[in-house]
Amino acid sequence: MTKTILLLAGDGIGPEVTAQSRRVIEHLNHDHGSDVAIDNALFGGAAIDAAGVPIEDATVARALASDAVLLGAVGGPQWAEAAYNVRPEAGLLRLRTAMNVFANLRPALCFEALADESTLKREYIDGLDIMFVRELVGGVYFNTPRGIEDMGSGKRRGINTQNYTSDEIIRVARVGFELARKRSGRLCSVEKSNVMESGLLWREEVTALGASDYSDVELSHMYADNCAMQLVRAPKQFDVILTDNLFGDLLSDAAAMLTGSLGMLPSAALGDAGAPGLYEPIHGSAPDIAGKDIANPCASILSLAMALRSSLGRPDLAETVEHAVARTLADGYRTADLAGGSHLVGTSAMGDAILARL
Ligand code: IPM
Ligand code: MG
């Protein structure tokens, strides 16, 4: 049965890295028996320039009608001064909400060939394999009241609101518990219940769910500040980390850097079973290196692998793609963001090397 993937290349290096993922899809269709149709639309700054909004209604509809959405990257200095609702990032938040992708899976995986590239010593990160489950459609990113209000006499107040309902906590916690069950059986839930009621509710709901449905999973709790410290002190203590939208944003960036390679890390945002997933590299649009054919396409290609596994019904091909990327690194191919190796290559040549190993 034909599956459809919507490519939203976006801005900056997004189009370049997504182009390599497109080549991988075409190759898999041709040589590995997959049947994935590719659709495209403008997104982010590119959509603002063309249509005045970061994502058009028709694009949202196409995303909802597809099996998976593969995003490049959004944003750039030319759109950074606009109001929040017409910035490229607003398109991303709108898409996450419309697709209701409440569970954001962000692996922080250290590739063997890159274990010497981290800012941490090899012994701390060699074999590192953490999976973040970040709540993605609630919390302070979305709650109201929000805004900047005039307090009179030239003073203003900036407002954002953090809240979580039991249902929002439980549905994402389930994803965390299920993943922990498939991995090492350990889940660490992260919040600030020492100062925040939303964090206290988070802890209570996760604890209750663990006791009722997942007593086989070893559950621990950690304050977010301590988690930040533990991630750089002894990152291998973690397996699955479950946390809210804002803490997940911060902690997953820190963990990504441990692997020495922001350009290597994919992510998957998932909603209810059977609904389309949203897949994107962790890295941003990197406008400073856009258009130079030097960006690393691996995070995009590995995001495609996650889509093959979770939305396109081909977990076997997900592994094929992941192995091809690991082999390419082991054979010494590196884009400029990665040190070491024996062949310094550009974006499309990295794509060539990966395709050759597929
Ligand atoms: C991320 C990004 C986004 C976020 C921005 C671009 C809105 O930092 O996916 O981590 O904060 O969620
Ligand atoms: Mg972020």
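Worth saying up front: this structure is predicted, and the values here are computed from it rather than measured. The analysis underlying the following values was restricted to heavy atoms, covering all of them including side chains, and did not include hydrogens, waters or symmetry mates. When a ligand or atom number is given, it counts from 1 through the structure's own listing order.
With Asn245 contributing its side chain and Gly138 its backbone, the two residues share a donor-acceptor pair below 3.5 Å. Checked by atom type and distance alone, the side chain of Glu16 pairs as donor or acceptor with a backbone atom of Asp293 at under 3.5 Å. At least one donor-acceptor pair under 3.5 Å links the side chain of Thr347 to the backbone N or O of Ile294.
Relative orientation of the Trp202 and Tyr164 rings is perpendicular, given thresholds of 30° and 60° on the angle between their planes.
A salt bridge is absent between Glu178 and Arg174; no separation between the charged side-chain nitrogens and carboxylate oxygens falls under 4.0 Å. Remark: Asp129 engages Arg183 in a salt bridge, criterion side-chain N to carboxylate O under 4.0 Å. Between Arg96 and Glu280 there is a salt bridge, with a side-chain nitrogen of the basic residue lying less than 4.0 Å from a carboxylate oxygen of the acidic one. A salt bridge is absent between Arg157 and Asp150: the closest approach of a Lys/Arg side-chain nitrogen to an acidic carboxylate oxygen does not fall below 4.0 angstrom.
Around the Mg ion (ligand 2), protein N, O or S atoms at a distance under 2.8 Å total 1; waters are neither shown nor counted.
Given atom 2 (C) of ligand 1, the protein heavy atom at minimum distance is Asp249 OD1, 4.0 Å. Atom 11 (O) of ligand 1 has Tyr141 OH, 2.5 Å as its closest protein atom, hydrogens excluded (heavy atom only).
Looking at Asp253 next to ligand 1, no N or O pair under 3.5 Å apart turns up. For ligand 1, the polar-atom distance check finds no N/O of Asn245 at less than 3.5 Å from any of the ligand's N/O atoms.
Listed by atom number, the atoms of ligand 1 under 4.0 Å from Arg106 heavy atoms are 1 (C), 9 (O), 10 (O).
Partner of Ser21 under the side chain to side chain contact (heavy atoms under 4.5 Å, CB included) criterion, chosen from Val321, Leu302, Ile5, Leu70: Leu70.
The closest non-hydrogen atom to atom 7 (C) of ligand 1, taken over His283, Glu89, Arg87, Glu280, comes from Glu89.
The proximity of Arg134 to ligand 1, defined as any non-hydrogen pair under 4.0 Å, is limited to the side chain.
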